[in-house]
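A quick write-up on the structure given underneath.
Values reported hereafter were calculated over all heavy atoms of this structure, with side chains retained and with hydrogens, waters and symmetry mates removed.
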Amino acid sequence: MPVICPPSSDLPAGTVTYLHAWSSIIRKVRANPQNSAGGVVILAAIDLDALLASHVLVNLFKQEDIPHSLIPIGGYSELETRKDQIFGSEDGRYPGNPDVHTLILLSLGSLLPLSSYFPIGTHTCDIHLIDAHRPYNLENIFGGAVNDGLGAGSRNGHLIDARNGHALSGDGDDVQDRLLGRIWIWGDGDEKKLENVKKSWEALEYEPESGSDSDSDASQSDTDLEDTDEDDEAEEDGAEDADEDRGDGEGSGGSNGKRRRNNGDDAGDQPGRRKKKRREEDPDRPKRLPRAIRNAHAERVQRYYQAGTSYGMSVVECCYILASELERGDNDLLWYAVLGLTHQYISSRIDRDTYDERHSLYLDEVARLNPPSPGRHGTSSGNGSPDDNAISPSEELRFVLFRHWNLYDAMFHSGYVAGRMGIWKEKGRKKLVGLLAKMGFSIQQSRQSYSHMDMDLKATLRDKLEEVAPEYGLVELHYPSFMRAFGYRCAPLSAADGVEGLNALLEAATGIRVEIEQDGGKGGGEWFGATKAWTVSGISGSNAFAYKEDKAEAEADGNDELSRHARIEQKRCEKNFWVSYDAMQDVKLLSRSLGLAKGLHQAIIRQGCSILDKNSMKTLRSFRFVTIREGPDLRLFSHASILTRLALWLIDATRDKVTRAAEARRKTPAHPIVLACLDEESDTFLIVGISGAPEFGDVRKNRFGLAFQSAAADSGAHARHDMFDTSIVEVRKDDLTGFVECLHLQTA
Amino acid sequence: MYGDDALQLVLESRRSALTSTLPKYSDPLIRQICLETRQLDSHIQSTTSSYTREELNSPENLGVVAGLTVHHLAARRNKRCLMAYLAGRVDGVKGMYWEAGGGVAHLLASDRGASSLDEGSSNNNNNGNNNSNSNGQAGPTTTTPHGDNTLDLRSRLSPHELDFLLSYNDLILSYKTPFLSTLDLSSSISSPPGELYVDVQVVKDCGVVWTEMGQVEFRKGSRYMVRRGDVERLIVQGFLVEV
């Protein structure tokens with residue numbers, strides 16, 4: 001179960017990297033040509049990151065001529081059926097497919113105890129986990145790998161076979177004829193920071209073993225003392241490590257004991273889905289840890305899980321790193337990776353510092369793949385050549401889709417501007433108009449679609465904004481990003497535009513009715529502002545057939561109301577996944593999807609403004625709570641990703657207000673927000689918890705995942721945790737009050 | 001008016017060619033046209049028998065001759081329309097045969113025989129069928145808008161067309177069998193394969209498929225990259241869609 005790290009030049013020799021994992025996949029395919037047809041299976045979660053990553057991976061596979069299948073997965077229940085289909089189910093419903101030899105999990109499964117969840121003990125299937133969700137289930141990254149590449153002692157790539165802990169030396173070349181499957185975790189290099197947690201986890205899991213090499217451990221723990229833990233709780237750490245030292249000393253005395261891992265169990269139950277306990281007792285050298293040390297270890301592991309969910313390196317970036325290491329990175333793949341990064345940033349998954357760090361890496365890549373040619377001018381001017389597909393660095397304003405909308409609307413719909421100006425009030429809107437007036441942009445011009453705005457205004461927009469906007473508290477109006485030209489097929493898109501478009505397709509390409517403005521509608525004045533319902537009619541020919549509604553089918557085999565609903569929803573998501581998958585290659589569709597993105601933004605603003613207007617946000621002690629029970633867009637917000645976006649907008653919009661209000665009353669501001677939206681069809685509330693950060697561009701770990709779980713358990717509410725994002729839960733309508741009360745107690 | 005029914009038949013044929021569908025063989029209409037032609041024939045017979053050759057040649061009976069000519073032309077026109085219709089049908093059947101890659105059993109059994117041809121224009125198709133139903137079949141048919149599509153090909157063909165299809169298949173089979181091991185003549189050549197592998201999306205569950213390279217399980221809603229040769233048939237039969 002090696003945790004593999006991204007390849008780079010300064011790694012010690014023998015470290016297992018993506019390249020090794022890749023070549024192991026290739027080898028598996030090449031070694032058994034007679035069953036390669038269905039051998040590689042990619043399971044991709046239905047989110048943007050996985051979508052982009054699957055594209056990159058599929059591209060790589062295609063270049064290698066490796067047959068593969070790509071399956072979008074909506075949630076845990078779907079994953080369960082797919083797993084059964086591949087590995088065979090116990091009830092014999094599915095026979096299983098013994099030909100599958102490589103299973104790649106994209107953006108899902110980091111919390112699952114993979115080695116027990118997937119029956120690799122009886123199957124020759126390798127499992128590759130590429131997931132940006134953190135925390136990991138510790139069993140995944142440390143389990144069965146006492147001596148692997150991460151261990152301080154042996155860096156020369158000893159691999160541990162997951163099933164029985166046999167150490168296989170060498171860097172993976174001599175393990176081809178392994179019969180049983182193995183798990184590869186594609187880490188992002190941050191796993192090394194978890195050294196402390198690793199020690200604790202190992203102490204809990206392999207109690208006797210940790211004593212057997214206590215000498216090295218003892219010497220290590222001295223250095224560990226200085227290491228700060230992930231959670232910046234340095235002083236506690238100190239105490240703990242002291243305990244540990246003593247513990248090791250006592251432990252090596254070796255009193256015989258059979259105490260079970262009670263504390264370990266507590267810790268283990270927390271991530272929710274751990275079932276299997278592995279314990280390999282060495283009868284020769286039994287030893288037990290004193291209770292205090294066990295507790296300390298357990299606490300540390302506990303703290304790792306309880307710190308909340310966050311995001312590591314995006315999945316598509318992992319795949320891009322692989323591609324570029326294989327010398328196959330091209331502009332398309334790079335563009336996807338840039339989209340992945342931008343998505344993480346604008347949906348507040350990573351903070352500004354991380355973004356800047358990664359962005360600078362991409363700057364190099366962009367420069368490498370897009371050498372400046374004398375013929376090309378600035379791409380923003382749009383006069384490139386017909387085949388100009390170059391990516392170029394640019395500064396992106398924090399206005400939503402402003403190149404494809406009008407300036408006023410773009411500013412109006414941006415969460416950042418909304419927060420600083422209080423856009424939901426008449427006063428705020430006046431302020432916005434005032435800002436534009438001060439910049440010298442007439443109302444007429446700023447309501448004009450951006451492409452038709454006066455050239456000189458466009459040219460001076462940035463400077464003017466920098467000059468005037470700080471008066472209104474808008475200081476961080478732009479961030480470095482990239483633009484991509486699409487020849488004559490479409491105006492250049494910025495990375496943020498691309499993300500907005502793909503996201504909109506992923507959320508609402510089919511199945512929801514969204515009104516979109518017709519092009520040029522506003523140009524003729526208010527009277528001509530016509531809207532129409534969005535359709536994916538752009539899909540041509542044979543593809544249209546694949547997208548045909550098949551509700552009837554879902555209804556046919558669904559007797560239970562709730563499961564029927566879930567199945568339709570799942571079909572819808574699947575379809576959207578493919579629509580957006582196609583849109584990644586079809587620029588026409590992508591540029592059309594920007595209209596849909598605008599429609600979604602309008603809905604979000606509508607709902608957000610009405611929430612703020614009506615003051616329907618309840619401030620509880622540690623979070624704010626909103627229920628949406630009615631409204632024109634109710635059906636829209638019963639989809640998790642759109643609800644999450646509304647929550648993000650609300651956090652952005654109210655950040656300053658909350659901080660100010662809290663300061664006035666000398667309390668700590670409650671930035672986290674919990675949104676509950678009624679889903680009338682299934683009679684449930686969809687609940688999303690987002691922990692906002694006090695500063696713009698900052699990110700806090702999301703602790704709602706665990707809180708939701710325990711709140712559901714405490715209140716006895718009927719809750720469904722199906723999403724791979726743990727901070728989303730469905731609760732039955734009647735159970736909402738109890739659930740929220742428990743949640744309140746939980747997080748207080 | 002003479003020839004109106006025949007015109008309807010031609011229109012129907014034209015419509016089916018435009019929408020590339022094959023509606024039900026319009027037996028009643030054809031019988032009606034045959035009847036009309038026979039009536040014309042008897043009319044001509046009776047007229048000609050009541051005059052001698054000389055009488056007809058004389059200038060005072062010019063009107064009668066003109067009438068005869070009109071009737072004769074109408075009859076010939078009916079015949080040509082019928083032939084055109086049948087030729088159109090035969091072309092359609094042949095087209096579908098090649099479209100289905102020579103799989104007669106599959107072609108006859110599934111109702112996809114028609115809909116595989118009309119993916120692009122399902123709307124037109126429905127309209128066309130509606131019209132053809134209301135025009136052509138005057139009988140008390142209570143067909144749904146999808147009427148003809150839901151029927152399988154076997155019931156949409158006349159017995160003669162069915163015979164034709166089967167013997168056509170026999171001919172082709174006997175022609176292509178000798179070199180089937182090296183070249184399958186009945187595989188599609190509309191777009192020559194550019195690559196060995198093909199990306200397909202599953203639109204209908206088709207279970208486990210055993211190929212040269214091992215088994216693949218095609219499940220709806222996923223995409224697969226597989227060897228073209230392995231799934232050619234499935235694409236043709238509409239289980240998979242190339243992307």
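Ranked by heavy-atom pairs under 4.5 Å with chain B, the first of A:Val41, A:Val100, A:Val40, A:Ile71 is A:Ile71. Per-residue counts of heavy-atom pairs under 4.5 Å with chain A were compared for B:Asp199, B:Thr211, B:Asp230; the largest is that of B:Asp199.
With hydrogens and angles disregarded, no donor-acceptor distance shorter than 3.5 Å links the side chain of A:Asp99 to the backbone of B:Gly214.
Across B:Tyr224 and A:Ser69, no two heavy atoms sit closer than the pair CD2-CB, 2.9 Å. The minimum heavy-atom distance between A:Gln85 and B:Glu217, with the atom names listed, is O-OE1, 4.0 Å. Residue B:Gly221 comes nearest to A:Pro72 through the heavy atom pair O-CD, 3.5 Å, listed as atom of the first residue, atom of the second, then distance.
For residues 54-66 of chain A, the interface with chain B (any heavy-atom pair closer than 4.5 Å) comprises A:Phe61, A:Lys62, A:Asp65, A:Ile66, sorted by residue number.
A search for salt bridge (Lys or Arg N to Asp or Glu O under 4.0 Å) contacts involving B:Arg31 returns B:Asp27, not counting sequence neighbours.
Summarising the local packing, CZ of A:Arg30 is surrounded by more than 12 heavy atoms from other residues, nucleotides or ligands at distances under 6.0 Å. Counting non-hydrogen atoms of other residues, nucleotides and ligands closer than 6.0 Å to NZ of B:Lys176 gives a total above 12.
Atom-to-atom distance recorded for A:Arg82:CZ and B:Arg219:CZ is 7.0 Å, nearest 0.5 angstrom. Here the straight-line distance linking atom OG of B:Ser222 with atom CD1 of A:Ile42 works out to 11.0 Å at 0.5 Å rounding.
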